[in-house]
Amino acid sequence: SIRIPMLARFPKRIAPGSVLSQDVLSIDVAPTMLDLAGVRPPSNVHGRSILPLFGKKPPRWRQSILIEYFEEKQFLRTPSWQGVRMPDWKYVRYT
């Protein structure tokens, strides 16, 4: 689930043809949906709404992400690993 493009359409908030370079994670979906509904996410919810990224002056965004994969019984040839990704580099550690 790393480097999968995210597509979004919301003509009132997102200009056609918009492309973001920021890393968006699956944990950002719930805060974004709550933001669209006008509801503040609970303090224990991880992630951030991506709506501000579509504004004229996008906010400072995350500079690193943690990525992990845990071995699954049906895919024994793919070992567990952990990694950190930043704009200029990626570190992966096989556990």
Side-chain angles (χ1 to χ4, degrees):
S1 64
I2 301 166
R3 295 185 53 92
I4 296 175
M6 179 178 179
L7 304 175
R9 182 179 185 274
F10 190 47
K12 293 180 181 179
R13 298 286 299 268
I14 303 171
S18 296
V19 177
L20 300 178
S21 61
Q22 294 89 342
D23 287 324
V24 174
L25 305 173
S26 58
I27 61 172
D28 297 327
V29 174
T32 302
M33 295 297 127
L34 291 171
D35 191 8
L36 285 168
V39 177
R40 172 176 258 162
S43 60
N44 64 341
V45 171
H46 297 278
R48 296 170 63 184
S49 171
I50 67 169
L51 293 183
L53 296 177
F54 294 99
K56 293 185 193 271
K57 187 175 181 193
R60 182 172 163 82
W61 198 246
R62 65 176 63 95
Q63 293 297 306
S64 62
I65 59 172
L66 169 67
I67 47 180
E68 299 176 294
Y69 175 80
F70 299 101
E71 186 176 309
E72 300 173 81
K73 289 181 182 180
Q74 63 271 37
F75 302 111
L76 293 175
R77 297 177 74 183
T78 307
S80 296
W81 56 269
Q82 300 166 328
V84 176
R85 182 173 172 183
M86 297 188 72
D88 296 331
W89 60 269
K90 175 173 46 177
Y91 172 78
V92 177
R93 175 182 166 261
Y94 288 89
T95 55

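None of the values given here were measured: they were computed from a predicted structure.
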Measure across Trp61 and Gln22 and return the closest heavy-atom pair with its distance rounded to 0.1 Å. CD1-CB, 3.4 Å

Nearest heavy-atom neighbours spanning Ser49 and Thr32: CA-OG1, 3.4 Å

Non-hydrogen atoms of Pro79 and Tyr69 that approach each other most closely: O-CD2, 3.5 Å

For Arg60, side-chain hydrogen bond (donor to acceptor under 3.5 Å, both in side chains) partners two or more places apart: none

If every non-hydrogen atom of Pro52 is compared with every non-hydrogen atom of Pro59, which pair is closest and at what distance? O-CD, 3.5 Å

Would a hydrophobic clustering, with Ile, Leu, Val, Met, Phe, Trp and Tyr connected at side-chain separations under 4.5 Å, put Leu36 with Val39? no

Could you measure the distance from the CD1 atom of Ile65 to the NZ atom of Lys90? Nearest 0.5 Å is fine. 9.5 Å

Is there a path of hydrophobic side-chain contacts, each under 4.5 Å between heavy atoms of I/L/V/M/F/W/Y residues, joining Trp81 to Leu76? no

Distance (rounded to the nearest 0.5 Å) between Tyr91 OH and Ile67 CD1: 12.0 Å

Tell me whether Ile14 is reachable from Met33 by hopping between hydrophobic residues (I, L, V, M, F, W, Y) whose side-chain heavy atoms are closer than 4.5 Å. yes

What I want to find out is whether Arg62 reaches Asp28 closely enough, with some N-O distance under 4.0 Å, to be called a salt bridge. yes

Would a 4.5 Å heavy-atom cut-off, applied to side chains only, mark Ser18 and Leu53 as touching? no

Taking Met86 as the starting point, is it possible to reach Leu20 by hopping between hydrophobic residues whose side chains are less than 4.5 Å apart? no

If you round to the nearest 0.5 Å, how far is OG of Ser26 from NE2 of His46? 12.0 Å

So which atom in Ile50 and which in Val24 form the shortest heavy-atom distance, rounded to 0.1 Å? CG2-CG1, 3.7 Å

For the hydrophobic clusters of this structure (ILVMFWY residues joined by side-chain heavy atoms under 4.5 Å, transitively), does one cluster hold both Val92 and Phe75? yes

Of all heavy-atom pairs linking Val84 and Ser64, the shortest is CG1-CB, 4.4 Å

